[in-house]
J.: 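I am attaching a structure below and will ask some questions about it afterwards.
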Amino acid sequence: MKIKSKIRIGLLFLLAIIMLLAASGSYYINTLADESKDILKDNYNTLHYTKNMIEALDDPNKAAAFNKFETNLIKQENNITEQGELEATKIMRSAFEEYKSNSEDYNKAADLRSKILKIQEMNMTAIVNKNNVITGKTQRAFAYITILGTICFLLSFTFVVNFPKWIAGPIIEFIRGIRGILQKDYSTRINISSNDEFGEMALAFNQMATQLEAWEHSNLAQVLFEKSRIETIINNMHDAVIGLDENKYILFINPVAESLLSKSETDIKGKYAPDIAAVNDLLRTLIQELLPGGKPATNPLKIYSNGKENYYRKEMLDVKGKTANGDNKLIGYVIVLKNITEYKELDVAKTNFIATISHELKTPIAAINMSIKLLKDERIGAANDEQKQLVENIEENSNRLLKITGELLDMTQVETGNIQLNINAVAPSHIVNLATKAVSQLADQKQIQINTEISNDLPNINADTDKTVWVLVNLLSNAIKYSGEESSISIKVDKEDGNVTFKVIDHGIGIEEKYLPRIFERYFKVPGSKTGTGLGLSISKEFIESQGGQIGITSKYSQGTTFWFSFKSI
Ligand code: ADP
């Protein structure tokens with residue numbers, strides 16, 4: 001049944017009850033009215049006629065009196081309603097006829113009057129009886145109407161109490177269902193099986209919930225599948241992977257990370273990483289930059305695992321994700337420890353190889369140099385100009401070879417961490433003097449003027465003289481190499497903020513800004529630059545920093561370059 005029909009039936013039911021009450025009420029009122037009318041018509045008229053007859057008897061005008069009496073008597077004869085009234089009326093007529101024949105007879109008049117009074121009496125008794133009957137009927141009608149009213153009231157009350165529930169019940173059920181869906185409880189169903197619109201709506205709702213449930217399960221299954229796939233990938237990686245949330249709580253660690261940290265995932269998952277780092281050295285190194293004032297570790301980490309030394313390069317990735325309002329927000333960190341042991345071993349093999357070759361080359365080069373010296377000696381025979389030139393060339397190339405092998409050997413020292421330092425207090429001017437002497441010939445070849453400006457009263461520095469001279473020579477050689485002929489180079493040594501700073505300033509070709517960040521990298525050469533190994537500056541950096549000093553550069557392309565290094569003054 002449709003809701004419209006249900007409401008219509010409900011209203012019809014109420015209307016029917018009202019009609020029933022109204023009909024029964026009007027029925028009883030009508031019945032009582034009819035009864036009263038009968039009294040009026042039957043008995044009251046008789047009383048009226050007999051009263052007129054008695055008045056006629058008292059009228060001295062006999063003719064008019066007889067006439068009035070006759071008229072009322074005829075009306076009475078036509079208004080016989082009570083049992084015995086017909087006989088009494090007939091008796092009254094004969095008494096009237098007798099009175100009419102002898103109107104002076106007082107007894108006749110008295111007899112007629114008594115007959116009239118009898119009829120009056122009869123009707124008054126009838127009125128009392130009828131009144132009693134009506135009173136009884138009125139009481140019964142009242143009782144019936146009371147019973148009917150009570151029944152109607154009970155029915156209406158039950159209806160009024162239940163009808164809204166009947167209509168609103170399904171709506172409440174729908175509200176429950178919709179709330180369930182809102183709370184993502186897709187197993188919510190609506191239990192209405194009626195044939196009305198609510199039943200249809202419930203069917204549609206349940207179908208929707210079924211589809212949502214299926215969709216969620218398929219989505220969840222998909223997400224779980226993707227999650228387990230990613231977990232499998234991460235767990236099978238040869239690199240150690242650690243995931244943290246944005247508040248530095250550990251989300252996951254893979255088996256490699258477990259073995260390196262000597263911690264199982266179940267032990268530390270969900271824990272605050274800095275708390276674990278307080279008792280785990282490796283984790284502390286890994287999350288150094290996340291700790292207050294911590295700096296990221298730049299060198300490869302040497303970790304002893306699987307019975308040997310392994311090298312790992314650490315990468316810390318900031319993971320960003322989109323928030324609900326579209327902002328890109330930090331949602332966590334991933335720490336990856338890349339196993340670079342293999343490369344490290346290859347690198348060591350390469351370094352050893354270079355060291356061996358450089359070392360082995362030194363002896364033949366020294367022999368060549370010795371031979372050149374002998375060739376240049378006039379005592380073993382004079383050479384012509386062409387031969388002299390050839391010997392010069394051989395010497396020049398042999399020196400270059402010596403420089404290169406020297407640099408390569410130094411490099412291998414740096415790479416293997418075998419820099420032997422011989423730190424002593426030394427005067428900055430001493431270092432400058434040794435270096436300028438070493439490059440004077442080179443400078444002279446290009447007629448380059450080297451100006452030295454050393455501040456007065458400079459304190460000594462703690463440094464390895466040979467290594468520092470080597471660096472200054474390297475910087476001066478580069479300055480000469482990349483400066484034009486007949487130009488000038490300055491060496492300035494100053495005291496700045498408790499440091500002694502050496503500067504080598506040239507006015508040569510300069511270096512483009514984009515290459516400056518890479519200038520101290522191993523084997524880096526500015527594209528198109530002259531011959532060289534690209535090692536000098538990186539060795540210089542290692543030499544200076546291993547002594548606790550600092551090194552840097554400022555350069556303007558095609559205007560000149562300034563290299564500087566500084567040591568703490570004593
Ligand atoms: P190399 O031995 O090849 O000169 P370096 O490490 O000493 O290697 O220098 C690296 C690169 O830096 C060089 O190839 C050169 O291009 C550039 N460079 C170094 N010093 C200067 C300078 N004073 N002026 C211009 N370029 C320079």
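Basis for what follows: all heavy atoms, side chains included, without hydrogens, waters or symmetry-related copies. Both counts, for ligands and for their atoms, begin at 1 and track the order of listing. FYI, the numbering just counts along the sequence from 1. Keep in mind the model is a prediction, meaning the values are calculated, not measured.
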J.: Can you list the ligand 1 atoms lying under 4.0 Å from a non-hydrogen atom of Lys481?
T.: 4 (O)

J.: Tell me whether the rings of Phe205 and Phe174 are parallel (<30°), tilted (30 to 60°) or perpendicular (>60°).
T.: perpendicular

J.: Which one holds for Ile511 and ligand 1: side chain close, backbone close, both close, or neither close, with close meaning a heavy atom under 4.0 Å?
T.: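 For Ile511, only side-chain atoms sit under 4.0 Å from ligand 1.
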
J.: With respect to Glu407, determine whether any N or O atom, backbone or side chain, lies less than 3.5 Å from an N or O atom of ligand 1.
T.: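 No, Glu407 has no N/O under 3.5 Å of an N/O on ligand 1.
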
J.: Based purely on interatomic distance, does Phe524 place a nitrogen or oxygen under 3.5 Å from a nitrogen or oxygen of ligand 1?
T.: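 No.
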
J.: Would you call Glu289 and Lys314 a salt bridge, taking side-chain N to carboxylate O under 4.0 Å as the test?
T.: yes

J.: Can you tell if the side chain of Trp564 reaches within under 4.5 Å of the side chain of Ile505, non-hydrogen atoms only?
T.: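 No - every pair of side-chain heavy atoms lies 4.5 Å or more apart.
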
J.: Would you say the side chain of Ile242 lies within less than 4.5 Å of the side chain of Val336, judging by non-hydrogen atoms?
T.: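 Not touching, per the 4.5 Å side-chain cut-off.
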
J.: For ligand 1, indicate whether the residue Ile519 contacts it via side chain, backbone, both or neither (heavy-atom separation under 4.0 Å).
T.: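 It is the side chain that touches ligand 1; the backbone stays farther off.
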
J.: Residue-level breakdown please: for Phe563 versus ligand 1, do any non-hydrogen atoms fall below 4.0 Å on the side chain, on the backbone, on both, or on neither?
T.: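 For Phe563, only side-chain atoms sit under 4.0 Å from ligand 1.
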
J.: Using the six-membered ring of Tyr311, assess whether NZ or CZ of Lys344 lies under 6.0 Å from its centre and within 45 degrees of the ring axis.
T.: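 Cation-pi check for Lys344 and Tyr311: passes.
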
J.: Heavy-atom contacts under 4.0 Å between Thr561 and ligand 1: side chain, backbone, both, or neither?
T.: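 For Thr561, only side-chain atoms sit under 4.0 Å from ligand 1.
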
